[in-house]
Amino acid sequence: MRKSKPKKRIILPDPKFNDVQVTRFVNNMMYDGKKSIAYDIFYDAVEIAEKKAGENGLEIFKRALVNIMPAVEVKSRRVGGANFQVPTEVRPERKTALGMKWLILYARRRGEKTMKEKLAGEIVAAAKGEGAAVKKKEDTHKMAEANKAFSHFRF
(Lines give C-alpha, C1' and ligand atoms only; values in the text may rest on other atoms or scores of the structure.)
Protein backbone atom coordinates (compact mmCIF):
# COMPACT_ATOMS: atom_id res chain seq x y z
CA MET A 1 0.00 0.00 0.00
CA ARG A 2 1.20 3.46 -0.82
CA LYS A 3 0.37 6.54 1.22
CA SER A 4 -2.69 6.70 3.41
CA LYS A 5 -5.96 7.74 1.82
CA PRO A 6 -6.82 11.42 2.19
CA LYS A 7 -9.66 12.19 4.58
CA LYS A 8 -13.05 12.73 2.92
CA ARG A 9 -14.06 16.34 3.28
CA ILE A 10 -17.49 17.05 4.64
CA ILE A 11 -19.53 19.09 2.19
CA LEU A 12 -22.28 21.28 3.62
CA PRO A 13 -25.71 21.20 1.97
CA ASP A 14 -26.64 24.21 -0.18
CA PRO A 15 -28.73 27.07 1.26
CA LYS A 16 -31.80 26.80 -1.02
CA PHE A 17 -32.53 23.08 -1.51
CA ASN A 18 -30.54 21.86 1.51
CA ASP A 19 -28.90 19.23 -0.69
CA VAL A 20 -25.25 18.11 -0.59
CA GLN A 21 -25.35 17.01 -4.24
CA VAL A 22 -26.17 20.55 -5.33
CA THR A 23 -23.19 21.92 -3.39
CA ARG A 24 -20.92 19.35 -4.99
CA PHE A 25 -22.20 20.32 -8.44
CA VAL A 26 -21.72 24.03 -7.77
CA ASN A 27 -18.18 23.36 -6.50
CA ASN A 28 -17.42 21.58 -9.78
CA MET A 29 -18.86 24.42 -11.83
CA MET A 30 -17.14 27.22 -9.95
CA TYR A 31 -14.29 29.18 -11.52
CA ASP A 32 -11.63 31.00 -9.44
CA GLY A 33 -13.43 30.39 -6.14
CA LYS A 34 -16.45 32.47 -7.18
CA LYS A 35 -18.99 30.34 -5.38
CA SER A 36 -21.83 32.86 -5.06
CA ILE A 37 -21.77 33.40 -8.83
CA ALA A 38 -21.77 29.63 -9.38
CA TYR A 39 -24.78 29.32 -7.03
CA ASP A 40 -26.62 32.10 -8.89
CA ILE A 41 -26.01 30.35 -12.21
CA PHE A 42 -27.19 27.01 -10.85
CA TYR A 43 -30.36 28.32 -9.20
CA ASP A 44 -31.30 30.38 -12.27
CA ALA A 45 -30.63 27.38 -14.53
CA VAL A 46 -32.86 25.17 -12.36
CA GLU A 47 -35.59 27.81 -12.52
CA ILE A 48 -35.34 28.02 -16.33
CA ALA A 49 -35.40 24.20 -16.53
CA GLU A 50 -38.48 24.19 -14.30
CA LYS A 51 -40.29 26.60 -16.64
CA LYS A 52 -39.23 24.59 -19.71
CA ALA A 53 -40.26 21.18 -18.39
CA GLY A 54 -43.08 22.29 -16.10
CA GLU A 55 -42.07 20.26 -13.06
CA ASN A 56 -39.90 20.56 -9.94
CA GLY A 57 -36.45 21.88 -10.93
CA LEU A 58 -34.51 19.84 -8.40
CA GLU A 59 -36.27 16.65 -9.54
CA ILE A 60 -35.32 17.43 -13.14
CA PHE A 61 -31.70 18.00 -12.10
CA LYS A 62 -31.56 14.72 -10.15
CA ARG A 63 -33.11 12.77 -13.02
CA ALA A 64 -30.67 14.38 -15.47
CA LEU A 65 -27.73 13.30 -13.29
CA VAL A 66 -29.04 9.73 -13.03
CA ASN A 67 -29.35 9.60 -16.83
CA ILE A 68 -25.75 10.78 -17.26
CA MET A 69 -23.98 8.65 -14.65
CA PRO A 70 -22.04 5.77 -16.24
CA ALA A 71 -22.17 2.24 -14.81
CA VAL A 72 -19.01 0.98 -16.55
CA GLU A 73 -15.94 2.63 -18.04
CA VAL A 74 -12.73 1.49 -19.69
CA LYS A 75 -9.31 1.81 -18.10
CA SER A 76 -6.00 1.25 -19.86
CA ARG A 77 -4.07 -1.78 -18.62
CA ARG A 78 -0.69 -2.81 -19.94
CA VAL A 79 -0.30 -6.55 -20.46
CA GLY A 80 2.88 -7.87 -22.05
CA GLY A 81 3.70 -4.91 -24.25
CA ALA A 82 0.13 -4.21 -25.39
CA ASN A 83 -2.35 -1.76 -23.94
CA PHE A 84 -5.83 -3.10 -23.39
CA GLN A 85 -8.93 -1.08 -22.65
CA VAL A 86 -10.34 -3.06 -19.74
CA PRO A 87 -13.97 -2.42 -18.77
CA THR A 88 -14.41 -1.77 -15.05
CA GLU A 89 -17.36 -0.98 -12.79
CA VAL A 90 -17.59 2.64 -11.72
CA ARG A 91 -17.69 3.29 -7.97
CA PRO A 92 -20.76 5.27 -6.80
CA GLU A 93 -18.66 8.29 -5.75
CA ARG A 94 -16.99 8.44 -9.15
CA LYS A 95 -20.33 7.92 -10.93
CA THR A 96 -21.72 11.16 -9.54
CA ALA A 97 -18.42 12.98 -10.07
CA LEU A 98 -18.27 11.93 -13.73
CA GLY A 99 -21.94 12.72 -14.27
CA MET A 100 -21.51 16.22 -12.89
CA LYS A 101 -18.33 16.90 -14.84
CA TRP A 102 -19.90 15.78 -18.11
CA LEU A 103 -23.04 17.82 -17.47
CA ILE A 104 -20.94 20.95 -16.90
CA LEU A 105 -18.59 20.23 -19.81
CA TYR A 106 -21.32 19.71 -22.38
CA ALA A 107 -23.40 22.59 -20.99
CA ARG A 108 -20.41 24.89 -21.58
CA ARG A 109 -20.15 23.69 -25.17
CA ARG A 110 -23.78 24.51 -26.00
CA GLY A 111 -24.86 27.35 -28.24
CA GLU A 112 -27.03 29.43 -25.92
CA LYS A 113 -25.96 32.88 -24.82
CA THR A 114 -25.47 32.63 -21.06
CA MET A 115 -24.26 29.77 -18.87
CA LYS A 116 -27.65 29.72 -17.09
CA GLU A 117 -29.41 28.95 -20.37
CA LYS A 118 -26.76 26.46 -21.46
CA LEU A 119 -26.96 24.57 -18.16
CA ALA A 120 -30.77 24.65 -18.14
CA GLY A 121 -30.85 23.33 -21.71
CA GLU A 122 -28.44 20.51 -20.94
CA ILE A 123 -30.32 19.58 -17.73
CA VAL A 124 -33.67 19.40 -19.54
CA ALA A 125 -32.14 17.41 -22.43
CA ALA A 126 -30.43 14.98 -20.04
CA ALA A 127 -33.61 14.51 -18.01
CA LYS A 128 -35.35 13.45 -21.23
CA GLY A 129 -32.47 11.07 -21.96
CA GLU A 130 -30.96 13.05 -24.83
CA GLY A 131 -28.24 15.66 -25.18
CA ALA A 132 -24.46 15.50 -25.46
CA ALA A 133 -23.81 14.39 -21.86
CA VAL A 134 -26.13 11.38 -22.22
CA LYS A 135 -24.46 10.53 -25.53
CA LYS A 136 -21.09 10.58 -23.73
CA LYS A 137 -22.42 8.04 -21.22
CA GLU A 138 -23.75 5.82 -24.00
CA ASP A 139 -20.41 6.01 -25.84
CA THR A 140 -18.60 5.05 -22.64
CA HIS A 141 -20.91 2.05 -22.24
CA LYS A 142 -20.40 1.05 -25.89
CA MET A 143 -16.62 1.14 -25.45
CA ALA A 144 -16.90 -1.06 -22.37
CA GLU A 145 -19.20 -3.43 -24.26
CA ALA A 146 -16.81 -3.61 -27.22
CA ASN A 147 -13.89 -4.44 -24.94
CA LYS A 148 -15.74 -7.02 -22.87
CA ALA A 149 -13.31 -9.65 -24.17
CA PHE A 150 -10.55 -8.13 -22.01
CA SER A 151 -12.59 -8.02 -18.83
CA HIS A 152 -10.60 -10.96 -17.40
CA PHE A 153 -7.56 -8.62 -17.02
CA ARG A 154 -8.52 -7.47 -13.57
CA PHE A 155 -7.00 -4.42 -11.95
Can you name the salt bridge (charged side-chain N to carboxylate O under 4.0 Å, His left out) partners of E50, sequence neighbours left out? none
Is M69 linked to M100 within one hydrophobic cluster, defined over Ile, Leu, Val, Met, Phe, Trp and Tyr using a side-chain heavy-atom separation of less than 4.5 Å? no
Under 4.5 Å between side-chain heavy atoms, hopping through other hydrophobics if needed: is there a path connecting I48 to V124? no
Kindly say whether E73 contributes a backbone atom to a donor-acceptor pair with the side chain of T140 at under 3.5 angstrom? no
N/O donor-acceptor pair under 3.5 Å between T23 side chain and D14 backbone: yes
Looking just at side-chain N and O atoms, do Q21 and K62 make a donor-acceptor pair shorter than 3.5 Å? yes
All heavy atoms of G99 vs all of L65, minimum pair found to be C-CD2, 3.7 Å
Would you check, one step at a time, whether the test salt bridge (charged side-chain N to carboxylate O under 4.0 Å, His left out) holds for E89 with R94? CA-CA 10 Å; E89 289 280 320; R94 184 163 160 76; over 6 Å; no
What one should report as the nearest heavy-atom pair of A49 and A120 is N-CB, 4.0 Å
NZ (K52) with more than 12 external heavy atoms under 6.0 Å: yes
Residues V72 and A144: closest non-hydrogen pair is CG2-CB, 3.6 Å
Check: H141 side chain, A71 main-chain N or O, donor-acceptor pair, under 3.5 Å: yes
Could you measure the distance from the CZ atom of R91 to the CG atom of L98? Nearest 0.5 Å is fine. 10.0 Å
Would you check if the side chain of K75 reaches a backbone N or O of T88 as a donor-acceptor pair within less than 3.5 Å? no
So which atom in V86 and which in S151 form the shortest heavy-atom distance, rounded to 0.1 Å? CG1-CA, 4.3 Å
Atom pairs and distances, side-chain donor-acceptor, residues 27-37, under 3.5 Å, sequence neighbours left out:
from	atom 1	to	atom 2	distance (Å)
N27	OD1	K35	NZ	3.1
Y31	OH	R108	NH1	3.4

Kindly check if the number of other-residue, nucleotide or ligand heavy atoms within 6.0 Å of NZ (K16) is above 12? yes
Any side-chain heavy-atom pair of L103 and I123 under 4.5 Å: yes
Quick one: do I60 and V134 end up in the same hydrophobic cluster if we chain Ile, Leu, Val, Met, Phe, Trp and Tyr together by side-chain heavy atoms under 4.5 Å apart? yes
When you compare the side chain of K136 with that of Y106, does any pair of heavy atoms fall below 4.5 Å? yes
From K101 atom NZ to T96 atom OG1, the distance as rounded to the nearest 0.5 Å: 9.5 Å
Please find the pair of heavy atoms, one from G129 and one from N67, that lie closest to each other, and give the distance. N-ND2, 3.8 Å
Quick check for you: to the nearest 0.5 Å, what is the distance between F42 atom CZ and L119 atom CG? 7.0 Å
In chain order, what residues pass the side chain to side chain contact (heavy atoms under 4.5 Å, CB included) check against E59, with sequence neighbours excluded? N56
Can you list the residues that meet the ring pair (Phe, Tyr, Trp, His ring centres under 6.0 Å) rule with Y43, with sequence neighbours excluded? F17, Y39
Is there a chain of hydrophobic side chains (I, L, V, M, F, W, Y, each step under 4.5 Å between heavy atoms) that links L105 to I41? yes
What closest approach, in Å, do W102 and A133 show between heavy atoms, and which atom pair accounts for it? O-CB, 4.1 Å
Not counting sequence neighbours, which residues clear side chain to side chain contact (heavy atoms under 4.5 Å, CB included) with R110? List them please. E112, K118, E122, A125
Quick one, D19 and L58 - any side-chain contact, counting heavy atoms below 4.5 Å? yes
Run the side chain to side chain contact (heavy atoms under 4.5 Å, CB included) test against D139 and tell me which residues pass, sequence neighbours left out. K135, K142
Do I104 and F25 touch side chain to side chain, with heavy atoms closer than 4.5 Å? yes
Between D44 and K116, is there a donor-acceptor pair closer than 3.5 Å when you use the side chain of the first and the backbone of the second? no
